[in-house]
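In what follows, chains are A, B, ... by sequence order, proteins preceding strands, each numbered from 1. Please read these numbers as outputs of a predicted model, since none were measured by experiment.
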There are 2 protein chains.
Amino acid sequence: MKSKITLKELAKLLNVSVSTVSKALNDSPEISPKTAERVKELARLHNYKPNPVAVNLKKSKTGTIGVVIPNISNSFFARVLSGMEAEAQKHDQQVITYISNESLEREKQICDMLTSGFVDGVLIAVSEETQKKQEYDHLFSLVDYDIPVVVYDRINIDLPADKIGVDDENSFFDAANFFRSRGVEKIGLASAIHHVGIGKLRIRGYEKALEDTHHYLAKSSKPADLRKKIKSLFTKDKVEALLCTDFESTIMATRIAYEEKIKVPEDLKIIGYISKEVAEFLTPSLSYIEQHPQEVGSRAVDLLNNRLEGVYEPGKFREEIITTSLVHLESTRF
Amino acid sequence: MKSKITLKELAKLLNVSVSTVSKALNDSPEISPKTAERVKELARLHNYKPNPVAVNLKKSKTGTIGVVIPNISNSFFARVLSGMEAEAQKHDQQVITYISNESLEREKQICDMLTSGFVDGVLIAVSEETQKKQEYDHLFSLVDYDIPVVVYDRINIDLPADKIGVDDENSFFDAANFFRSRGVEKIGLASAIHHVGIGKLRIRGYEKALEDTHHYLAKSSKPADLRKKIKSLFTKDKVEALLCTDFESTIMATRIAYEEKIKVPEDLKIIGYISKEVAEFLTPSLSYIEQHPQEVGSRAVDLLNNRLEGVYEPGKFREEIITTSLVHLESTRF
DNA sequence: CTGAAAGCGCTTACAG
DNA sequence: CTGAAAGCGCTTACAG
């Protein structure tokens, strides 16, 4: 039960002033080596640690960064968070997590909190609802309060902030071209997120790669509807390859193939946007787009810190893109 | 660019003292309704929000709780975190997230940080390595520093702290008995986590239910080895049902069944410890143990807050258990 | 009902 | 080299 010792108590025990103790512990050159050593020794003995709240108040900062996550069950975001936490550690920053659950209302509440000064900066991926309704006032209010914001992953939003994203469009451009190069003709796409930014980009990549051929699209945010459409791609259109923009459509596609006794990869190749963890264990294992979430996370923290430290010119914002890679497992075996 | 206004500035604008402003904003009965209204109006106009760092310093608390998570990619923990965040919100607390990556070393670093006073309390699920090596000194040092600790999920550890767990043993006791009641004779178990606490408990539940019959066990923390053992259960022992204690063994089992052309559920029933999200999408969909992670999370925060508020008697600790439920999907269809 | 003062635990110009 | 003082932005006994 060593209740925390303070500078003042330390000072009294040493018969010196609080300022001296503080300076000694902060390695100020003003202090004589002798007293410095005396102070440090006693501090060590008592296991002294400065009260971070007091230090932060003095320094007018919080030592903390706020992360807004739309959906933590999505393992992409979970890994991004992990990358952020690791990077923040290196800078002795604490990560405060807020989960919006893809809700605009919740996101507003969170931003409102954040304007009170709980954090030095904010990393945010905006919720689906926010994107759909295009209501960004709460985000602008962060900016108004001079709280630096870094937008990650879902970056196609018009906000004066640094951004770190993933090359969604290119990933599917490349994936579609991969199939073409192998002579596949009927290449389909399934999407449950066609209405949100990243979904649109992935679809655009697919369409650009296949400008000159027929597009086979199954798009719907309603599971039953999507299922019907994917099934139709398989049984009526008889696509030979399928790109899936998200977890739901990917898993649904493998599922429907199984039910319809379509052999993967013999009769149907699939590439999906799912995590390595799940991809490797599916039956058959599923080729996927690796988004390097940890890197997205650590870069996001980096951008924020550079911004906080004034490395970047005020008013001019960065936009960085992490390059994805296509990982081939069994579902694209030729 | 409304840089934050302070109490002092507000006071000057109103020609009253700082104390008056503070009291007015905190609805102190000492203040006349008239001035209270004046103060509040100006505060609203300037969008005044008290600086939380200053408030916390004054109140000698941080308004923050630290959550240590072994592995955020595990969707169980991701959901637990979500439950914690939701509950913390209700109490205006911020959640600071630390990820140990199942590493003892990292966990020590984190605990060391935490003793500096970044948080009012800690919620922790200890890392696998910590459990294996049984090194708990860093956790005891939290307790020594009078930082309340709540241990969640991995609770079979001897620490003076409140605990919130899941009825691991019972879940598999019930699951095994479910199969028996349906006349299944050869019931196997696969585990990649047999060496850690929750794994042991689940296995014990299985063994208790089947005390009088033969046990078919496939246990290994090495993937290749586990795979061989599961395969042997299927092809040599010809088990008719399998309980899997974790994500890895569950997915591996479905995978091996597929490769060996064993029909699920016709020739083999499976129950696994995986998340609803994955279970529902597997082929066939997989019956699973629902652990109610969000509830674990929110109860953990509750326990901590009751402890902080002195609701519980000092020195006497709570241990709560969340009851799991067995969710039947296709893999246990009779 | 209002305000001056002390203090939460630090840091840092400034004086000596 | 050391210390007294001011101050970060609040809250809250205490006096008037």
*Assess the side chains of Thr64(B) and Gln94(B): does a donor N or O sit below 3.5 Å from an acceptor N or O?*
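Gln94(B) and Thr64(B) do not have a side-chain donor-acceptor pair below 3.5 Å.
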_Looking only at the side chains, is there a donor atom on one of Asn305(A) and Gln93(A) sitting less than 3.5 Å from an acceptor on the other?_
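Indeed, the side chains of Asn305(A) and Gln93(A) share at least one donor-acceptor pair under 3.5 Å.
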*Any ion pair linking Glu135(A) and Lys108(A) (charged N to carboxylate O, less than 4.0 Å)?*
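Glu135(A) and Lys108(A): salt-bridged.
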_Just to be sure I understand the rule, does Ser28(A) reach a base, reach only the sugar-phosphate, or reach nothing, if contact means heavy atoms closer than 4.0 Å?_
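Answer is nothing: Ser28(A) stays at 4.0 Å or more from every strand.
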_Sugar-phosphate, base or nothing in reach of Pro52(A), heavy atoms under 4.0 Å_ =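 No contact.
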*Answer yes or no: are there more than 12 heavy-atom neighbours, outside Glu37(B) itself, under 6.0 Å from its atom CD?*
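Counting neighbours around CD of Glu37(B), more than 12 heavy atoms of other residues, nucleotides or ligands fall under 6.0 Å, so yes.
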*asked:* If you count heavy atoms of other groups shown closer than 6.0 angstrom to CD of Glu319(A), is the number above 12?
replied: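 Counting other residues, nucleotides and ligands, CD of Glu319(A) exceeds 12 neighbours.
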*Tell me which residues in residues 109-119 of chain B put a heavy atom below 4.0 Å from DNA chain D, sorted by number, or none.*
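Of all residues in residues 109-119 of chain B, none places a heavy atom under 4.0 Å from DNA chain D.
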Are side-chain heavy atoms of [X] and [Y] found at a separation under 4.5 Å?
| X | Y | answer |
| --- | --- | --- |
| Ile72(A) | Leu81(A) | yes |
| Lys49(A) | Asn47(A) | yes |
| Tyr152(B) | Val80(B) | yes |

*Glu37(B) has an atom CD; how far is it from atom P of dT2(C), in whole Å?*
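Answer to the nearest Å: 13 Å.
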_Rounded interatomic separation in angstrom, taking CG from Leu14(A) and P from dC1(D)_ =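 Nearest whole value for this atom pair: 18 Å.
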*asked:* Strictly under 4.0 angstrom, non-hydrogen atoms only: write out the protein contact profile of nucleotides 9-16 of chain D, one letter per nucleotide from the 5' end, B, S or -.
replied: BBBBBB--
*Any side-chain N or O of Thr35(A) less than 4.0 Å from the OP1 or OP2 oxygen of dT2(D)?*
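Answer is yes, contact under 4.0 Å.
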*Provide the Watson-Crick or G-U wobble partner of dA4(C), both distances under 3.5 Å; none if there is no partner.*
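In the structure as shown, dA4(C) has no Watson-Crick or wobble partner.
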*asked:* Suppose you measure atom P in dC1(C) against the same atom in dC10(D); what distance do you get, rounded to whole Å?
replied: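 Comparing P positions in dC1(C) and dC10(D) gives a spacing of 25 Å.
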